[in-house]
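My questions will all concern the structure given below.
Whatever order the structure lists them in is the order used to number ligands and atoms, beginning at 1.
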Amino acid sequence: MRASRVAALSVAGVVALVAATPAGGAGAPQRKTVRVLDNYYSPAKLTVNNRSTITWKWPEDAGDTHDVVLRKGPAGVKKFASDGAAAAFTYKRTLTKPGTYSLICTYHEEMTMTIKVRR
Ligand SMILES: [Cu+2]
């Protein structure tokens, strides 16, 4: 089906199709969920394509208070921080600069996570 459609395209169309999906280029944005638990993020390490959206999700039942704060990010990324919450809360960010993002819960210094954003 796909191959026959490609074969039916004009030469110009095929060139456009190839240009839209460069080999070894940026992958499609992803959606990832990180659980905010006592006292850790799960997962604590993530590698995602550029422009991916990360959703931090607190459990429905109350635990300790946690937040998500960008401690260090790639050059030019504005610092961001969620509110502190104990339960039934979500926080979302779309990461649009490649590099390493170091995040921390300001209530628990040992509660950290790292996100790597691919080019
Ligand atoms: Cu915490």
Side-chain angles (χ1 to χ4, degrees):
M1 166 70 180
R2 180 157 238 235
S4 62
R5 276 191 62 208
V6 170
L9 291 171
S10 69
V11 170
V14 171
V15 168
L17 187 72
V18 169
T21 54
Q30 299 162 283
R31 292 184 174 277
K32 295 282 182 185
T33 300
V34 175
R35 306 218 157 257
V36 179
L37 300 168
D38 293 341
N39 294 330
Y40 59 101
Y41 302 104
S42 180
K45 281 181 200 232
L46 266 180
T47 300
V48 296
N49 294 332
N50 197 11
R51 280 183 272 285
S52 291
T53 299
I54 316 296
T55 302
W56 286 267
K57 210 166 163 39
W58 280 247
E60 288 305 309
D61 48 325
D64 211 345
T65 298
H66 304 289
D67 60 9
V68 176
V69 174
L70 179 64
R71 185 168 53 180
K72 196 170 190 302
V77 171
K78 274 195 187 160
K79 293 283 160 71
F80 57 79
S82 77
D83 291 334
F89 188 70
T90 59
Y91 179 69
K92 223 178 250 200
R93 295 298 297 192
T94 299
L95 305 178
T96 57
K97 285 205 193 286
T100 300
Y101 294 71
S102 297
L103 300 131
I104 191 164
C105 168
T106 58
Y107 297 85
H108 307 100
E109 290 289 309
E110 78 283 7
M111 187 171 166
T112 60
M113 78 169 291
T114 304
I115 302 173
K116 289 197 172 148
V117 175
R118 298 185 187 100
R119 305 221 139 254

inquiry  = Donor-acceptor pair, distance only, cut-off 3.5 Å: does the side chain of Tyr41 make one with the backbone of Cys105?
reply    = yes

key: Joint cluster assignment, Tyr40 & Leu70, ILVMFWY side-chain distance < 4.5 Å   = no

query = What angle, in degrees and rounded to 10°, do you get at the Cu ion (ligand 1) when you join it to SD of Met111 and to SG of Cys105?
reply = 110°

inquiry  = Can you tell me which N/O/S atom of His108 has the shortest distance to the Cu ion (ligand 1)?
reply    = ND1

query = Could you state the interatomic distance from CG (Asn39) to OG1 (Thr112), rounded to the nearest 0.5 Å?
reply = 11.5 Å

query = Which N/O/S atom belongs to His66 and is the closest one to the Cu ion (ligand 1)?
reply = ND1

Atom of Pro98, atom of Arg118 and distance for their closest heavy-atom approach = CB-O, 3.8 Å

